Undergrad: 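Once you've had a glance at the structure underneath, I'll fire off some questions.
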Amino acid sequence: DQQVKQNSPSLSVQEGRISILNCDYTNSMFDYFLWYKKYPAEGPTFLISISSIKDKNEDGRFTVFLNKSAKHLSLHIVPSQPGDSAVYFCAASEGNNDMRFGAGTRLTVKP
Amino acid sequence: ETGVTQTPRHLVMGMTNKKSLKCEQHLGHNAMYWYKQSAKKPLELMFVYNFKEQTENNSVPSRFSPECPNSSHLFLHLHTLQPEDSALYLCASTLLAGATYNEQFFGPGTRLTVL
């Protein structure tokens with residue numbers, strides 16, 4: 001039972017444009033959401049998070065939006081840079097319980 | 001060395017071999033995890049150790065055997081694996097502190113190939 005889904009396996013954008021990565025979840029009890037970024041030959045690294053009491057969290061070029069009614073969150077990167085090219089994983093947890101991950105979206109930012 | 005380290009980074013083994021994966025964290029965390037990442041699939045949580053006690057085993061076959069001798073070290077012992085066990089095995093750690101959620105820190109992973 002895949003509770004966190006990233007339906008787009010890949011995304012390609014031009015440098016300087018906005019990248020929007022999407023994530024859907026099925027468990028309405030999830031109250032904490034995270035995005036991780038993974039480069040080849042490295043482990044995932046934490047990027048940004050949001051709790052269910054908020055609908056937006058911003059950190060520099062990265063903004064995460066949460067729509068609880070739709071059970072949907074998205075990561076916006078603007079402006080996108082070639083160094084942002086990586087696989088992005090969405091994750092969710094209920095309280096302090098274990099995280100559930102999506103399958104990842106490979107982002108390619110073209111110069 | 002800081003962060004979460006994993007050794008070896010790459011491992012090729014036959015189905016009859018016995019090998020172990022090692023994970024070490026230098027972050028003062030009290031929980032450690034083993035994940036399996038297969039191609040185009042979500043990270044699958046395998047084992048969880050909180051304060052050195054195993055708290056979760058997500059129906060992982062017995063050919064995978066975890067060991068957590070202390071809060072800084074985590075092992076995954078492998079024996080009689082199958083080719084479908086070939087994957088990237090990731091270790092992660094976090095600090096569990098009451099109701100506060102902290103993100104997990106991942107190691108670089110061990111790329112395992114079972115022949």
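Labels below follow one simple rule: chain letters A, B, ... track the order of the sequence lines, proteins then strands, and each chain is numbered from 1. Heavy-atom basis, side chains included; hydrogens, waters and symmetry copies ignored. Everything numeric here is computed off the predicted structure, so don't read it as measured data.
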Undergrad: Give the member of A/Pro9, A/Ala41, A/Ala91 that has the highest number of heavy-atom pairs under 4.5 Å with chain B.
TA: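 Counting heavy-atom pairs under 4.5 Å, the top option is A/Ala41.
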Undergrad: Rounded to the nearest 0.5 Å, how far does OH of B/Tyr35 lie from CZ of A/Phe101?
TA: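 If we round to the nearest 0.5 Å, A/Phe101:CZ and B/Tyr35:OH are 4.5 Å apart.
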Undergrad: Where does A/Ser93 contact chain B at under 4.5 Å (heavy atoms): side chain, backbone, both or neither?
TA: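 Just its side chain gets close to chain B.
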Undergrad: Are A/Trp35 and A/Phe62 connected in the hydrophobic side-chain network, where two residues link if heavy atoms are under 4.5 Å apart?
TA: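 Same cluster: A/Trp35 reaches A/Phe62 through Ile, Leu, Val, Met, Phe, Trp or Tyr contacts under 4.5 Å.
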Undergrad: Inspect the surroundings of CZ in B/Arg9 and state if more than 12 heavy atoms from other residues, nucleotides or ligands are less than 6.0 Å away.
TA: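 Yes, enclosed.
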Undergrad: Transitively linked via ILVMFWY side-chain contacts under 4.5 Å: B/Phe47 with B/Leu11?
TA: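 Yes; B/Leu11 is reachable from B/Phe47 via cluster members.
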Undergrad: Assess whether atom NZ of A/Lys68 is packed by more than 12 heavy atoms of other residues, nucleotides or ligands within 6.0 Å.
TA: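 Count over threshold, so yes.
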Undergrad: Measuring heavy-atom distances to chain B, does A/Pro44 have an atom under 4.5 Å in its side chain, in its backbone, in both, or in neither?
TA: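 For A/Pro44, the contact with chain B is made by backbone and side chain together.
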Undergrad: For B/Arg111, is it the side chain, the backbone, both, or neither that has a heavy atom closer than 4.5 Å to a heavy atom of chain A?
TA: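 It is neither, since no heavy atom gets under 4.5 Å.
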Undergrad: Is there a chain of hydrophobic side chains (I, L, V, M, F, W, Y, each step under 4.5 Å between heavy atoms) that links B/Leu90 to B/Phe75?
TA: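 Hydrophobic grouping puts B/Leu90 apart from B/Phe75.
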Undergrad: Atom NZ in A/Lys38, atom CG in B/Leu43: separation rounded to 0.5 Å?
TA: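 One finds 8.5 Å between NZ of A/Lys38 and CG of B/Leu43.
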Undergrad: With only heavy atoms counted, which part of A/Tyr39 is less than 4.5 Å from chain B, the side chain, the backbone, both or neither?
TA: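 When you check distances to chain B, no heavy atom of A/Tyr39 falls under 4.5 Å.
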Undergrad: Let me confirm one number: the CG-CZ distance from B/Leu45 to A/Arg100, rounded to the nearest 0.5 Å.
TA: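 Between atom CG of B/Leu45 and atom CZ of A/Arg100 there are 6.0 Å.
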Undergrad: When clusters are formed by joining ILVMFWY residues with side-chain heavy atoms under 4.5 Å apart, either directly or through shared neighbours, do B/Leu96 and B/Phe106 land in the same one?
TA: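 Same hydrophobic cluster.
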Undergrad: Looking at B/His10, B/Glu103, B/Gln6, which has the largest count of heavy-atom pairs under 4.5 Å with chain A?
TA: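 Top option by heavy-atom pairs under 4.5 Å: B/Glu103.
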Undergrad: Is A/Phe65 reachable from A/Ile48 through a run of hydrophobic residues whose side-chain heavy atoms are each under 4.5 Å from the next?
TA: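 Result: no, two separate clusters.
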Undergrad: In Å and rounded to the nearest 0.5 Å, what is the CG to CG distance from B/Asn50 to A/Asp98?
TA: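 So the CG of B/Asn50 and the CG of A/Asp98 are separated by 7.5 Å.
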Undergrad: Could you give the distance from CZ (A/Phe89) to CD (B/Gln37), rounded to the nearest 0.5 Å?
TA: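 Separation between the atoms: 4.0 Å.
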